[in-house]
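All remarks here apply to the structure that follows.
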Amino acid sequence: MTGDDPAETEPRPESACRFCDGSATSLQVVAKSPNSPGTPWSARSVVHPKPLYRIEGEPDRRGDGIYDRMHSVGAHEVLVENPRHDRHLWNATDDEIAHFLRLAAERILDLKRDPRIKYVSLFKDYGKNAGQEFSHPTSQITATMFVPRRVLYELRAAREYFVGKERCVFCDIIQQEERQAQRVIEARGDYLALCPYAPRVPYETWILPRYHDSSFERAGLNRPGLRMNLAALLRRTLQRVRSVTEDFHLVLHTSPSSIHPSKNLGYWKTIDDDYHWHIEILPVVQSKARSYTFKEVYYSPVSSETAVKQLREAKIDG
Ligand SMILES: [Zn+2]
Ligand SMILES: [Zn+2]
Ligand SMILES: [Zn+2]
């Protein structure tokens with residue numbers, strides 16, 4: 001049997017998605033993780049098509065009154081979490097998610113080696129109410145010559161607590177939460193998912209290592225066993241969050257770059273002891289949009305205890 005199938009003779013239509021494997025759009029690939037069977041790569045990092053920061057050029061920092069003016073030097077990358085368009089961090093395999101986590105760690109480490117870089121952020125905005133940019137499963141990384149303000153507040157608060165008590169505030173939170181067992185969603189190996197005591201938004205959820213570690217990208221991620229536990233906990237936690245709402249922000253908080261510390265300011269001298277990396281998931285719940293911020297005081301209409309109960313009981317698979 002023979003015939004001219006028009007679909008065969010015509011050129012294949014371009015994939016509408018630039019990040020899908022086989023897309024005709026050429027991307028500036030920065031790094032990729034080793035491929036799993038049947039795919040050319042399992043996660044990869046590409047330069048953002050419209051970068052907010054560029055690595056080329058000198059910062060040319062100069063004073064202008066009390067302000068520092070500088071060009072936006074830095075890096076802005078898209079982390080393609082999976083070659084497949086329909087495999088998200090909540091429905092991919094733990095192995096695929098672990099590949100993504102390892103790539104993220106490698107990119108952060110690599111960007112921190114640049115002496116101009118003070119902080120590397122990893123974040124994901126998902127859903128139309130969260131400002132999602134691409135339909136493909138992606139996260140983004142920015143490397144900046146400054147520490148973002150929210151992170152800076154948190155770093156300073158952690159340092160102050162450490163100066164006063166000589167203990168890591170996050171380790172203290174973990175100990176108390178594990179003892180009280182009121183706001184813990186799930187523990188998985190060395191990782192914990194919990195709803196913080198004073199959430200900024202309803203169903204705010206954190207994922208932290210149970211044992212002290214200031215940098216996501218350094219220690220634990222070199223151990224594949226740990227990475228698989230983190231991958232599973234991240235997947236399961238996102239499934240729980242999605243039982244409440246599709247839209248969320250996810251941000252990784254890790255230590256700032258301390259490879260080239262400022263000699264004058266003496267910043268981050270105790271960072272390895274006073275800071276504890278974690279992932280923050282901030283769900284966007286439209287019906288509960290009454291939460292507001294006033295000078296960093298947050299009000300959430302859903303208590304952590306109620307949120308935990310609901311998230312714990314959410315139906316998830318595997
Ligand atoms: Zn795609
Ligand atoms: Zn700690
Ligand atoms: Zn944080």
Side-chain angles (χ1 to χ4, degrees), residues 13-27 29 39-44 46 49 78-89 91-92 96 100 119-124 126 132-139 147-178 190-201 204-216 218-220 248-256 268 270-282 296 298:
E14 259 182 46
S15 167
C17 172
R18 67 171 85 214
F19 298 113
C20 268
D21 194 36
S23 149
T25 316
S26 66
L27 299 162
V29 178
T39 55
W41 45 275
S42 39
R44 66 180 182 177
V46 303
V78 177
L79 289 191
V80 186
E81 295 158 5
N82 199 296
R84 284 180 50 183
H85 200 80
D86 58 351
R87 300 275 262 216
H88 294 273
L89 295 178
N91 65 4
E96 288 170 331
F100 157 72
Y119 197 79
V120 183
S121 297
L122 169 78
F123 60 94
K124 176 180 179 69
Y126 186 82
Q132 181 181 351
E133 202 175 350
F134 308 112
S135 63
H136 197 94
T138 49
S139 302
V147 180
R149 200 178 54 163
R150 258 254 312 133
V151 184
L152 193 59
Y153 285 156
E154 193 181 88
L155 290 166
R156 284 179 178 158
R159 189 175 53 189
E160 272 164 33
Y161 187 93
F162 182 80
V163 167
K165 306 208 179 198
E166 295 191 324
R167 293 195 308 270
C168 160
V169 61
F170 295 93
C171 283
D172 277 8
I173 291 173
I174 289 165
Q175 260 191 18
Q176 181 171 343
E177 295 300 347
E178 290 208 89
D190 284 348
Y191 299 95
L192 202 65
L194 57 80
C195 290
Y197 175 70
R200 287 160 297 168
V201 296
E204 175 171 355
T205 301
W206 293 0
I207 293 176
L208 316 89
R210 291 164 88 183
Y211 304 105
H212 185 78
D213 195 352
S214 64
S215 300
F216 159 82
R218 198 179 39 205
F248 65 87
H249 305 283
L250 178 152
V251 59
L252 168 74
H253 282 169
T254 186
S255 61
W268 321 138
T270 58
I271 192 74
D272 279 342
D273 298 316
D274 69 38
Y275 197 62
H276 193 125
W277 75 263
H278 55 278
I279 293 168
E280 295 181 4
I281 301 166
L282 300 160
E296 291 286 309
Y298 295 89

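When reading the values below, keep in mind they use all heavy atoms of this one structure, side chains included, and skip hydrogens, waters and symmetry mates. Counting starts at 1 for both ligands and their atoms, following the listed order.
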Fill in: Cationic N near anionic O, under 4.0 Å, Arg200 to Glu280
yes
Discussion item. So, applying side chain to side chain donor-acceptor pair (under 3.5 Å) with Glu81, which one of His88, Arg44, Lys124 is it?
Written reply: Lys124
Worksheet entry | Side-chain heavy atoms of Pro209 within contact of Tyr191, under 4.5 Å | yes
Item to complete: Just give me the atom name: the N, O or S atom of His136 closest to the Zn ion (ligand 1).
Response: ND1
Discussion item. Between Asp274 and Trp268, is there a side-chain donor-acceptor contact under 3.5 Å, judged purely by atom types and distance?
Written reply: no
Item to complete: Please confirm whether Tyr275 and Phe162 have ring centers closer than 6.0 angstrom.
Response: no
Discussion item. Which atom name does His276 have for its N/O/S atom nearest to the Zn ion (ligand 2)?
Written reply: ND1
Item to complete: Taking the Zn ion (ligand 3) as the reference point, name the nearest N/O/S atom of Glu154.
Response: OE2
Worksheet item: To the nearest 10 degrees, how large is the angle at the Zn ion (ligand 2) between Cys171 SG and His212 ND1?
Response: 110°
Practice prompt. Check His85 and report its N/O/S atom nearest to the Zn ion (ligand 1), by atom name.
Written response: ND1
Practice prompt. Using only N, O or S atoms, tell me which atom of His253 is closest to the Zn ion (ligand 3).
Written response: ND1
Item to complete: For the Zn ion (ligand 3), find the closest N/O/S atom belonging to Glu280 and write down its atom name.
Response: OE2
Fill in: Centroid-centroid under 6.0 Å between Phe170 and His278 rings
yes
